[in-house]
There are 2 protein chains.
Amino acid sequence: MLETRLDIARIRAARRMIDPVFLDSPLYRCEALEPVLGCAVSVKLETANPVRSFKGRGTELLAGLLTEEGRRAAVCASAGNLGQALAWSGRVRGLDVTVVASRSAPAAKLDRIRALGARLELVDGDFDMARERAAALARHDGIRLVEDSLDIETCEGAATIGLELVDSATPFDAVLIALGGGALATGVGHVLKTFAPGVEVICVQPAGAPAMTRSWRGRRVVTTETTDTIADGVAGRRPIPAVLDDLLVVADDAVLVEEASIIAGMRMLLDHAGLVVEPSAALGVAALLEDRARFADRHVVTIVCGGNVDMDAYRRWVLEP
Amino acid sequence: MLETRLDIARIRAARRMIDPVFLDSPLYRCEALEPVLGCAVSVKLETANPVRSFKGRGTELLAGLLTEEGRRAAVCASAGNLGQALAWSGRVRGLDVTVVASRSAPAAKLDRIRALGARLELVDGDFDMARERAAALARHDGIRLVEDSLDIETCEGAATIGLELVDSATPFDAVLIALGGGALATGVGHVLKTFAPGVEVICVQPAGAPAMTRSWRGRRVVTTETTDTIADGVAGRRPIPAVLDDLLVVADDAVLVEEASIIAGMRMLLDHAGLVVEPSAALGVAALLEDRARFADRHVVTIVCGGNVDMDAYRRWVLEP
């Protein structure tokens, strides 16, 4: 049994708490990508749901448990996707949700959080500043603080993706997972290492936001002063020690990719797969582009984890020549 | 019991013949579309599979039956999506597939047909010319002719979408279905009228390719000399009498939409839902845009039936100001 905070029985039980609209997302070969990438590529598509990211799996679990505990309110910091998902899950259950986000988060994400009826508080500064403010709000108002990647439900909700991968009929050799706070990577990694230990679990982070990757490599928490990436969903500076401990157990590798590769990945997913993705969701393809030799002739799954992107920025990155 | 060529028991059985990668496609609310459209909108997304359209449901059924009959080859005419899907389903089963298509079909569709190992024959002229050529090839070579919408498997494969709609937990008032040859509309319509007769079944066709809609309205086959629409997937001139008969039983309405509305629909699906769709797949949203009063405050499902589009054309239609 793997020594992480996650638990397979709880992950299986989580499926019953999560609205089916977030479960059993498409998993399919994208052969049109393959001549360019030089390997077999399947996509696990987490954008075709009401919040357009995988985060609904975790917030459904969280909001369900909070409701069972009789809680009426919760606050979270978010780069945008967690907040949108928690707002969605909270609205269904009559839970008051407050989201603290950076003023520089994509407007598309902030607009959806407001539209879903959550209270949105913006901070000057980045995601880690929002985390501090959310914690202060929770203390002051006496409401539950939801912490992405630290709260085990965010990891175990994401881990249901892993169950769907190992239950699929198609064998594959490696899975590429966007690495930010670590909920997705530890969740999916835990399930894969339990049921399919031969599948390589590879985390991918932007070179401009490398804190968790450096921490994984050094086997101790490494923070950075700043981040510099368009991949807003994974731009953290301060890894959480307990999450790093889990990641050290389940990840086979953590790689860093350049901004140009992220943009090239977004463009490839549009041109050859018809998928509009946010930068974090192109990290896997970026990794394939940067190391074709490593993946040659293998079958790789990339988790397309979110599609919330400002269209103006998207046009600028992807569509202009 | 509805008097059409379709049969619910066979449609249920079809699910067992179809590769699961084509089944249980996402169905979800797109709230970001709703302020503009003035109604509740859910999307049934048929683009997240290996052939990026709903046609795999029908070709899986067809190719499975052909294989059971010991057939080794098949030929079809296609606007592009059926051919791609038949090539995919044929390749899995060792069936030689020939596709006849118009030279003016989108290169994206033709390239994928070739890449999947089918023999591709191009004709000067439109889809109905390709139908004639495919029939001649079948006679000459003594191989099975697959005819979209006439072959009941193409309708009953598409009808599995209807089963998924009626099995969903969300109640809805109307479903908008792209109308071309009629396989999708008769298939989904048959299931809805059987199990949810109160749901309005509305077919949508481009004003530039109105043959089937005019036929439905006149209750007799009406052909046109030409078509003029970017919605290549539904641009037929010669409705099939047996399909029209079925459509007269299951459709509540058939409406025509303008090209500008199709483009506006494609743009809305990109900007507010992050979906890249081919023109035929935007017909439902186009219908909502053209008649907001009709749909006000109702819950509408639109089937996003395909995403195979030439990116150059897409950029021109959707992305340039």
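Naming convention: chains lettered A, B, ... in sequence-line order (proteins, then strands); numbering from 1 in each chain.
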Can you tell which part of B:Asn49 gets under 4.5 Å to a heavy atom of chain A, answering side chain, backbone, both or neither? backbone

Specify which of B:Leu270, B:Asp111, B:Thr170 makes the most heavy-atom pairs with chain A at under 4.5 Å. B:Leu270

Could you check which of A:Leu45, A:Val309, A:Val276 has the highest count of heavy-atom pairs closer than 4.5 Å to chain B? A:Val276

Have a look at A:Leu184 and tell me which of A:Thr154, A:Ile177, A:Val234 forms a side chain to side chain contact (heavy atoms under 4.5 Å, CB included) with it. A:Ile177

Leading residue by heavy atom contact count with chain A [cutoff under 4.5 Å; candidates B:Ser42, B:Pro50, B:Ser168]: B:Pro50

Tell me, for B:Ala32 versus chain A, whether the close heavy atoms (under 4.5 Å) come from the side chain, the backbone, both or neither. both

Would you say the side chain of A:Ile262 lies within less than 4.5 Å of the side chain of A:Pro206, judging by non-hydrogen atoms? yes

With a 4.5 angstrom heavy-atom cut-off, could you sort out which part of B:Ala273 is near chain A: side chain, backbone, both or neither? backbone

Taking B:Leu275, B:Asp271, B:Val21 one by one, which has the highest count of heavy-atom pairs under 4.5 Å against chain A? B:Asp271

Does the side-chain hydrogen bond (donor to acceptor under 3.5 Å, both in side chains) test come out yes or no for B:Glu46 and B:Ser53, once each step is laid out? CA-CA 5 Å; B:Glu46 292 293 313; B:Ser53 85; over 6 Å; no

Do any N or O atoms from the side chain of A:Asn81 and from the backbone of A:Phe54 form a donor-acceptor pair under 3.5 angstrom? no

Within-4.5 Å side-chain heavy-atom neighbours: A:Leu176 and A:Lys44: no

So that I can tick it off, tell me whether A:Arg93 and A:Glu60 are bridged by a salt bridge, with the cut-off set at under 4.0 angstrom between side-chain N and carboxylate O. yes

Considering only heavy atoms and a distance below 4.5 Å, find which of A:Arg29, A:Glu31, A:His272 pairs most often with chain B. A:Glu31

